[in-house]
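Report on the following structure.
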Amino acid sequence: NLTIGKVLSCSMHPDSDHLHVCNVDIGSKEIQIVCGASNVREGIKVIVALPGAILPGDFEIKPGKIRGVESNGMICALFELGL
């Protein structure tokens, strides 16, 4: 449940000074992901863990809300994938 996505838009989270709300094109559809990475921005390609993915440490990705904003996956750094 890992794929490559392109960040179509990236805006500040309305209830946080460090989170971003990103719309990401994963090929088959667009999804919204709340992301805490300081270097996320529109136009970059990212690794996306979709709901159901199990990351190192048995961390399962689930859809949910982060500070009231829907998030349907996780934009991953290499270290979060164990690389």
Side-chain angles (χ1 to χ4, degrees):
N1 286 338
L2 297 176
T3 191
I4 301 296
K6 182 175 182 180
V7 179
L8 300 176
S9 66
C10 183
S11 59
M12 291 303 295
H13 189 292
D15 192 29
S16 173
D17 59 355
H18 72 281
L19 295 173
H20 297 89
V21 180
C22 302
N23 288 318
V24 182
D25 179 356
I26 59 167
S28 59
K29 61 182 176 179
E30 291 180 22
I31 60 174
Q32 179 173 283
I33 299 174
V34 175
C35 178
S38 61
N39 62 343
V40 69
R41 64 188 180 283
E42 183 178 329
I44 64 171
K45 290 191 177 178
V46 293
I47 301 169
V48 177
L50 298 171
I54 308 291
L55 300 183
D58 288 329
F59 180 67
E60 182 178 357
I61 302 301
K62 298 176 184 175
K65 288 188 175 184
I66 299 175
R67 294 193 182 187
V69 175
E70 191 173 316
S71 185
N72 294 297
M74 177 178 168
I75 295 174
C76 299
L78 291 177
F79 77 89
E80 293 168 318
L81 301 175
L83 300 173

**OP:** Kindly indicate whether the side chain of Ile33, heavy atoms from C-beta on, has any atom under 4.5 Å from the side chain of Val21.
**Re:**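 No; the side chains remain at least 4.5 Å from each other.
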Subject >> pair Ile75-Val24: side-chain heavy atoms closer than 4.5 Å >> reply: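 Touching, per the 4.5 Å side-chain cut-off.
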**OP:** Decide yes or no on side chain to side chain contact (heavy atoms under 4.5 Å, CB included) for Val34 and His20, but give the supporting numbers first.
**Re:** CA-CA 6 Å; Val34 175; His20 297 89; over 6 Å; no
Reported [atom1]-to-[atom2] distance for the pair [X] and [Y], which is rounded to 0.5 angstrom:
X     : Y     : atom1 : atom2 : value
Asn72 : Lys65 : CG    : NZ    : 11.0 Å
Ser71 : Lys62 : OG    : NZ    : 14.0 Å
Glu42 : Lys6  : CD    : NZ    : 8.5 Å
Gln32 : Ser9  : CD    : OG    : 8.5 Å
Leu8  : Cys22 : CG    : SG    : 10.0 Å

Taking a hydrophobic cluster as the set of Ile, Leu, Val, Met, Phe, Trp and Tyr residues connected by side-chain heavy atoms closer than 4.5 Å, whether directly or through intermediates, do [X] and [Y] fall within one such cluster?
X     : Y     : result
Val48 : Ile44 : yes
Ile26 : Val46 : yes
Leu81 : Ile61 : yes
Leu78 : Ile4  : yes
Ile47 : Phe79 : no

Between [X] and [Y], which heavy-atom pair has the shortest distance, and what is it?
X     : Y     : answer
Pro51 : Pro63 : CB-CD, 3.6 Å
Ala49 : Leu55 : CB-CD2, 4.3 Å
Leu19 : Arg67 : CD1-CD, 4.3 Å

Subject >> Test log, rule side chain to side chain contact (heavy atoms under 4.5 Å, CB included), inputs Met74 and Glu80 >> reply: CA-CA 10 Å; Met74 177 178 168; Glu80 293 168 318; 3.3 Å; yes
Subject >> Option passing side-chain contact (heavy atoms from CB on, under 4.5 Å) with Ile31 (candidates Leu50, Asp25, Asn23) >> reply: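 Among the candidates, only Leu50 passes.
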Original post:
Just by modelled atom types, is the Ile66 backbone N or O under 3.5 Å from a matching donor or acceptor in the His13 side chain?
Top reply: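 Looks like yes, one N/O pair under 3.5 Å.
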